[in-house]
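To keep things clear, I will list the structure first and then write my remarks on it.
So that the names make sense, note that chain A is the first sequence line, chain B the second, and so on, each numbered from 1. Because the structure is predicted, anything quoted here is derived from the model rather than measured.
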4 protein chains.
Amino acid sequence: MGAVKARRMPRAVREQQMLDAAVRIFGQRGYTAASMDEIAELAGVSKPLVYLYLNSKEDLFTACIRREARALTEAVRAGVRPDLSADGQLWTGLRAFFTHTARNADAWAVLHLQARTHGERFAAEVTAMREEIVAFVTQLITAAARDVHRDPHLSEGEAAGLAEALVGAAESLADWAGTTEGVTAKQAAATLMNFAWAGLGDLMTGRPWSPPREPETEPVAQAG
Amino acid sequence: MGAVKARRMPRAVREQQMLDAAVRIFGQRGYTAASMDEIAELAGVSKPLVYLYLNSKEDLFTACIRREARALTEAVRAGVRPDLSADGQLWTGLRAFFTHTARNADAWAVLHLQARTHGERFAAEVTAMREEIVAFVTQLITAAARDVHRDPHLSEGEAAGLAEALVGAAESLADWAGTTEGVTAKQAAATLMNFAWAGLGDLMTGRPWSPPREPETEPVAQAG
Amino acid sequence: MGAVKARRMPRAVREQQMLDAAVRIFGQRGYTAASMDEIAELAGVSKPLVYLYLNSKEDLFTACIRREARALTEAVRAGVRPDLSADGQLWTGLRAFFTHTARNADAWAVLHLQARTHGERFAAEVTAMREEIVAFVTQLITAAARDVHRDPHLSEGEAAGLAEALVGAAESLADWAGTTEGVTAKQAAATLMNFAWAGLGDLMTGRPWSPPREPETEPVAQAG
Amino acid sequence: MGAVKARRMPRAVREQQMLDAAVRIFGQRGYTAASMDEIAELAGVSKPLVYLYLNSKEDLFTACIRREARALTEAVRAGVRPDLSADGQLWTGLRAFFTHTARNADAWAVLHLQARTHGERFAAEVTAMREEIVAFVTQLITAAARDVHRDPHLSEGEAAGLAEALVGAAESLADWAGTTEGVTAKQAAATLMNFAWAGLGDLMTGRPWSPPREPETEPVAQAG
DNA sequence: CATGAATGAGTCTTCATTCAT
DNA sequence: TATGAATGAAGACTCATTCAT
């Protein structure tokens, strides 16, 4: 298991091996349950070397998050075809997204589950990436609205909410596709496009779904 | 801090206090970072008593998951108005869902984040609940399709995928509403209905979004 | 070795046992070389209990310093006979000092060597005690000067310097008496009284030793 | 930081640079807290080179002690004017001593604090130096006694005790002068001469301070 | 002569868990 | 019923020390 043990490698290479191991362990065990011992062993080095290069468990985790966040955004960016229409761009972007998350399940677990569950410092790191993506999707939605009407029915706030929903759905479907046998990235993307885009289309043509009248809305507040 | 110390309470009551404390700590610190010491202190009892009643950290966590999963499904079930049409039922269900998750943020964190991040045994516990909900939503979607056509365009698999997307989006929006100031449960529900339902409607009237032709789809497989 | 192992002792007692052990180990091995393992073992308890009661190595060391500093000052205070003349008070105080340090060699090593060698925080703790003693000795010296003249030849600064020298000499003699076989506390005290008091007497009668004239004094500055 | 990096220096020079760095670090951090990494970095060389030249941390520390002990004794020896009377010799010796310790505070910390706190092997190294000095001072005191009487009142043991006290006071005053702003070497020396010499003078003229009668002397023994 | 790469061994610290009362 | 006293096991982190180049 693991890579063949090769001693005396240049620092940069060893660092990547360590990050590979760390992403795998963090993704599978979770941040706290992951032990530096295990990571070092999987990386084929001794623990002190991990500390020498990556400083601490926190820093190591942060390095994982950064590397994988960058890898994911770049994969998506590379997938998007800017010459297509808004829905075409979304489609290709989603395909890239699902492909990347499915191929890098541990990295996705690190970003989507672990990083958000172990302290603000880590969460902030992913939030940056996520916001970048949400902003991009908001643009796409707004652009699409412009394609249909000169005078869009869509406020900025609404567009942001919809983007949030779309990204959220994508994230959940990524988990689903990663967990469920026989669901391809393409299928996941198609499902999401079907689910959302047609609806958005309707929305933009001025036929939004509207809730029935009702008397009262209680305020939302945390109980405990 | 914590509850007022009252001795000699009936076992059932004490147990609930412990679960209250545990949900709070697990939700805020995460499963591994949560310490039995802290939980016992917040519950206002000594640690051995926690062990006497709840057996072990794992069992305690499982008990939390079960209690909160049941509470959530019951809240949703209670929210749904079975006398309404499919979209009406979905709307009221979502409202109940967002209201409950917003009011019980720690419980939601336990179910949505913690339980899925710390071992199969816990994950399975939530999965059961989730599947129940997905099945219910699948029914609603199928029912809605029947309402529109006698001869639905919607395969079972498609309906399941859409339900998955909808539930996923709902989960993400629950996080979003819990995190973002000034977003009410009602708004979250409306956003999701707008996002999805109109699209589904389109879908059901036979105008699905369709991807452009392309030659090739690579299979999805985990790299590492 | 160590005390007979008795389980289930009240906290206060156990704490003192731990401090006893800690003083011994810290005094003999030094702060850094002392291991919590060894201290716990000598105290007859497990390491976690040491942490439960004393918090950390730093806190444990601080507790040692405080306890021993208090014990030493109290021993000296109890030794001084306030009804005697200044030289009588000094004599009895020194006797008490040498007796206590000789009987508690490890404690003396903690206070005199270890506490001053491992960070400001610890050093400050002993400095407080030392300043108290120096101030007391300064008073004695000044009082003695008043006994001899109405109009003392002794400035405040000079008195402080002399007190510093006397205390310093006492500290060194304590090491010496502790190390050298066959030197009693009484002898050490007598040596110091002989060494110093007669000289101070001379000083106070206005016959100070004076350095020969010389042309030049270079300023003192740290090289590195 | 550290010395300018110059490669390919003769071994002797490099060794001195290493010792310079080591004395500084050992003096400031203490033996155990000092890390070979830091020493090597401050010396401007790689760690393996330190090991190549100085063998081990213990050997390095020993080398420091030896070099600085020799430097100190030589400074004192060079300061003493053998053509002067006994008190003149003591005065000039003390001046040299305080000047050297003040100018080499780290070296003094190594000798006075660190070497005595980290194992017999190191302590022995300084003890040798100290005994040499004490012996020299004993001679001075005896010589001074001879200057006053043909038939000295001073036994050998008494002279040794007094020398011990004087040296001890000098050591403590060295710390004091090193720590307290505005105290020069000359002042420290004068304080000590005033404190001691006049007293010794008295002593030698046959008027020793004598303790009051008292019934009992308890034997001194270590408690623990 | 000189060093970047690498580690075995050990330290402080924490936590889930259990007795004895 | 309830708890103060106590611990085995494990994890993060550091350091003196050595190869291989």
Side-chain angles (χ1 to χ4, degrees), chain A residues 5-11 13-15 32-40 43-60, chain B residues 5 7-11 14 32-40 44-60, chain C residues 5-11 13-15 32-40 43-60, chain D residues 5 7-11 14 32-40 44-60:
Chain A
K5 209 159 189 177
R7 311 214 161 239
R8 301 274 147 184
M9 329 228 345
R11 172 169 179 153
V13 176
R14 268 280 135 93
E15 259 185 41
T32 7
S35 93
M36 295 298 272
D37 270 297
E38 204 179 0
I39 291 171
V45 297
S46 71
K47 223 186 337 173
L49 201 61
V50 178
Y51 278 91
L52 187 61
Y53 287 175
L54 274 318
N55 236 357
S56 72
K57 196 184 186 184
E58 285 207 347
D59 283 7
L60 172 58
Chain B
K5 208 158 188 176
R7 312 211 163 236
R8 301 271 155 187
M9 322 213 11
R11 168 161 182 159
R14 270 275 144 95
T32 6
S35 88
M36 296 298 272
D37 271 289
E38 206 179 358
I39 290 171
V45 298
S46 72
K47 235 185 324 175
L49 200 60
V50 178
Y51 278 89
L52 187 62
Y53 285 177
L54 275 316
N55 229 0
S56 73
K57 197 186 187 184
E58 286 207 344
D59 284 5
L60 173 56
Chain C
K5 210 160 189 176
R7 312 213 160 241
R8 300 273 148 184
M9 328 229 344
R11 172 168 179 155
V13 176
R14 268 279 136 93
E15 259 186 40
T32 8
S35 93
M36 295 298 272
D37 270 294
E38 204 179 1
I39 291 172
V45 297
S46 72
K47 228 187 332 172
L49 201 61
V50 178
Y51 278 90
L52 187 62
Y53 287 175
L54 274 317
N55 238 354
S56 72
K57 196 183 186 184
E58 285 207 346
D59 283 7
L60 173 57
Chain D
K5 209 158 189 176
R7 312 211 163 235
R8 300 275 155 185
M9 323 212 13
R11 169 161 182 160
R14 271 274 144 94
T32 8
S35 89
M36 296 297 272
D37 270 291
E38 206 178 358
I39 291 172
V45 297
S46 73
K47 234 185 326 174
L49 200 59
V50 178
Y51 279 88
L52 187 63
Y53 285 177
L54 275 318
N55 229 1
S56 74
K57 196 185 187 184
E58 286 207 343
D59 284 5
L60 172 58

Looking only at heavy atoms, the pair that brings D:T32 and D:K57 closest together is O-NZ, 3.5 Å

Determine the minimum heavy-atom distance between C:R11 and C:L52, stating which atoms define it.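 Closest heavy-atom pair between C:R11 and C:L52: NH2-O, 4.2 Å.
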
Grab the [atom1]-[atom2] distance between [X] and [N] for me, whole Å please.
{"X": "B:R11", "N": "F:dA2", "atom1": "CZ", "atom2": "P", "result": "10 Å"}
{"X": "C:M9", "N": "E:dT21", "atom1": "CE", "atom2": "C1'", "result": "16 Å"}
{"X": "D:L49", "N": "E:dT3", "atom1": "CG", "atom2": "P", "result": "6 Å"}
{"X": "B:M36", "N": "F:dA9", "atom1": "CE", "atom2": "P", "result": "19 Å"}

N/O (side chain, C:R14) to phosphate O (OP1/OP2, F:dG4) under 4.0 Å: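 It does not, given that no N or O in the side chain of C:R14 lies less than 4.0 Å from OP1 or OP2 of F:dG4.
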
Residue pairs fulfilling side-chain hydrogen bond (donor to acceptor under 3.5 Å, both in side chains) with at least one residue in residues 46-55 of chain D, sequence neighbours excluded: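 Of all non-adjacent pairs touching residues 46-55 of chain D, those that pass side-chain hydrogen bond (donor to acceptor under 3.5 Å, both in side chains) are D:D37-D:K47, D:N55-D:D59.
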
So what is the 5' to 3' dot-bracket string for DNA chain F, if pairs are Watson-Crick or G-U wobble with both distances under 3.5 Å, crossing pairs use [ ] and | means the partner sits on another strand? .||||||||||||||||||||

So which of residues 51-59 of chain D are in contact with DNA chain F, with a heavy-atom cut-off of under 4.0 Å? D:Y51, D:S56, D:K57

Choosing from F:dA6, E:dA16, F:dG11, which nucleotide comes nearest the side chain of B:S35?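 Closest nucleotide among those given: E:dA16.
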
Shortest side-chain distance from C:V45, nucleotide among E:dA2, F:dT7, E:dA6: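 The answer is F:dT7, which lies nearest to the side chain.
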
Of C:A34 and D:P48, whose closest DNA chain E nucleotide lies nearer the 5' terminus?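 The 5'-side residue here is D:P48.
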
Mapping B:D37 and C:K47 to their closest nucleotides on DNA chain E, which lands nearer the 5' end?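 The residue closer to the strand's 5' end, by nearest nucleotide, is C:K47.
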
Of C:S46 and A:T32, whose closest DNA chain F nucleotide lies nearer the 5' terminus? C:S46

Measuring from atom CE of C:M36 to atom CG of C:L54, what distance do you get when rounded to the nearest 0.5 angstrom? 7.5 Å

